[in-house]
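Heads up, the thing below is written out as structure tokens.
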Amino acid sequence: GGLTLGSTLFGADLRVEAGSGGVTLGATSVAGALALTSAASVAASVERTGFDRNATAVAVTDNVQAEFDASSVAAGGTGLSVQPGGAATSRVQVRGTSFYGNSGDAVVVGGGASAGASVSLVSSQLAANGTGLRVQGGAAAYATDTTITRNATGVSTSGGATAVSAGDNRLLDNTVNGAFTSVQGKQ
């Protein structure tokens with residue numbers, strides 16, 4: 001079930017809560033409370049939106065360009081999952097957003113055949129989750145001015161994935177902090 005839209009979404013001041021899905025963006029079946037599905041590409045901009053108590057709050061699949069700004073993702077399973085399949089690419093920018101108290105990954109990028117996945121975290125907070133930032137399978141994540149704290153694992157990378165810090169993040173007070181794969185200062 002859910003609401004299916006064409007290939008573009010702008011949402012502000014929304015609340016998506018207590019569902020098995022949340023929001024699904026990409027060329028997949030409609031599984032969330034709000035979904036964008038398209039055989040081509042999807043563009044989304046979401047501002048000031050709360051996602052609470054969802055199994056997966058936001059699932060991004062094939063050929064998506066999305067921005068999340070000043071939002072919160074809390075008390076669910078997985079916060080943001082960016083996992084395009086095959087040769088598809090998806091890029092997500094997260095700015096000023098809080099991921100708090102999710103039992104799984106706050107943000108998971110890549111996995112399986114999703115090397116075309118990337119996420120940029122800007123001025124955000126990932127706190128009290130299972131894993132703050134998980135990057136896998138050749139995918140990439142970039143973080144600047146972001147706090148990753150009080151998670152079971154702070155940053156986790158595997159399968160050739162890259163997690164790049166701009167050098168101004170706070171990765172502390174996690175059970176296992178983990179590490180960014182590289183630090184590249186701002187230019």
Side-chain angles (χ1 to χ4, degrees), residues 2 9 11 14 16-38 41-46 49-69 71-95 97-121 124-143 146 148 151-163 178:
L9 164 73
L14 303 172
V16 180
E17 78 179 61
S20 62
V23 175
T24 300
L25 304 171
T28 62
S29 61
V30 177
L34 173 65
L36 273 75
T37 59
S38 174
S41 63
V42 174
S45 179
V46 177
T49 295
F51 299 90
D52 299 318
R53 301 185 324 263
N54 292 284
T56 297
V58 180
V60 174
T61 62
D62 300 350
N63 303 313
V64 174
Q65 304 292 313
E67 297 177 2
F68 292 87
D69 192 13
S71 295
S72 66
V73 181
T78 298
L80 169 63
S81 170
V82 181
Q83 299 181 312
T89 61
S90 288
R91 301 197 186 326
V92 178
Q93 179 170 308
V94 178
R95 180 180 297 276
T97 295
S98 171
F99 295 84
Y100 183 83
N102 296 288
S103 61
D105 301 323
V107 177
V108 59
V109 189
S114 55
S118 71
V119 169
S120 296
L121 297 168
S124 294
Q125 180 177 28
L126 290 66
N129 302 286
T131 298
L133 174 61
R134 181 182 307 276
V135 192
Q136 51 195 8
Y142 308 91
T146 292
I148 303 173
N151 301 288
T153 301
V155 175
S156 172
T157 60
S158 63
T162 58

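When all heavy atoms of Arg91 and Gly116 are compared, the pair lying nearest together is NH1-O, 3.7 Å. Of all the heavy atoms in Ala141 and Val135, the pair that sits closest is CB-CG2, 3.6 Å. Between Ala57 and Phe51, the closest heavy-atom pair is CB-CB, 3.7 Å. Heavy atoms only, all atoms of each residue included: Thr49 and Val46 are closest at OG1-CG1, 3.3 Å. Nearest heavy atoms, Thr131 versus Ser156: CG2-CB, 4.3 Å. Annotation for Ile148 and Gly154: closest pair CG2-O, 3.5 Å, computed over non-hydrogen atoms.
Contact check for Val119 versus Leu133: no side-chain heavy atoms found under the 4.5 Å cut-off. Here the side chains of Leu80 and Val60 are in contact, with some heavy-atom distance below 4.5 Å.
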Using distance only, find each side-chain donor-acceptor pair of residues 101-111 under 3.5 Å and give its atom names and separation, not counting sequence neighbours.
| unit_1 | atom_1 | unit_2 | atom_2 | d |
| --- | --- | --- | --- | --- |
| Asn102 | OD1 | Gly76 | N | 2.9 |
| Asn102 | ND2 | Val73 | O | 3.2 |
| Asn102 | ND2 | Asn129 | OD1 | 3.0 |
| Ser103 | OG | Gly76 | O | 3.4 |
| Asp105 | OD1 | Arg134 | NE | 3.0 |
| Asp105 | OD1 | Arg134 | NH2 | 3.2 |
| Asp105 | OD2 | Arg134 | NE | 3.2 |

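If you take OG on Ser120 and CD on Gln93, they are separated by 5.5 Å, rounding to the nearest 0.5 Å. With rounding to the nearest 0.5 Å, the separation of CD in Gln65 from OG1 in Thr89 is 6.0 Å.
Looking at Ser90, its side chain does come within 3.5 Å of a backbone N or O of Asn63 through a donor-acceptor pair. Under the 3.5 Å distance criterion, the side-chain polar atoms of Ser72 are left unmatched by any main-chain donor or acceptor of Ser98.
Residue pairs satisfying the salt bridge (charged side-chain N to carboxylate O under 4.0 Å, His left out) criterion with at least one member in residues 80-89, sequence neighbours excluded, are absent.
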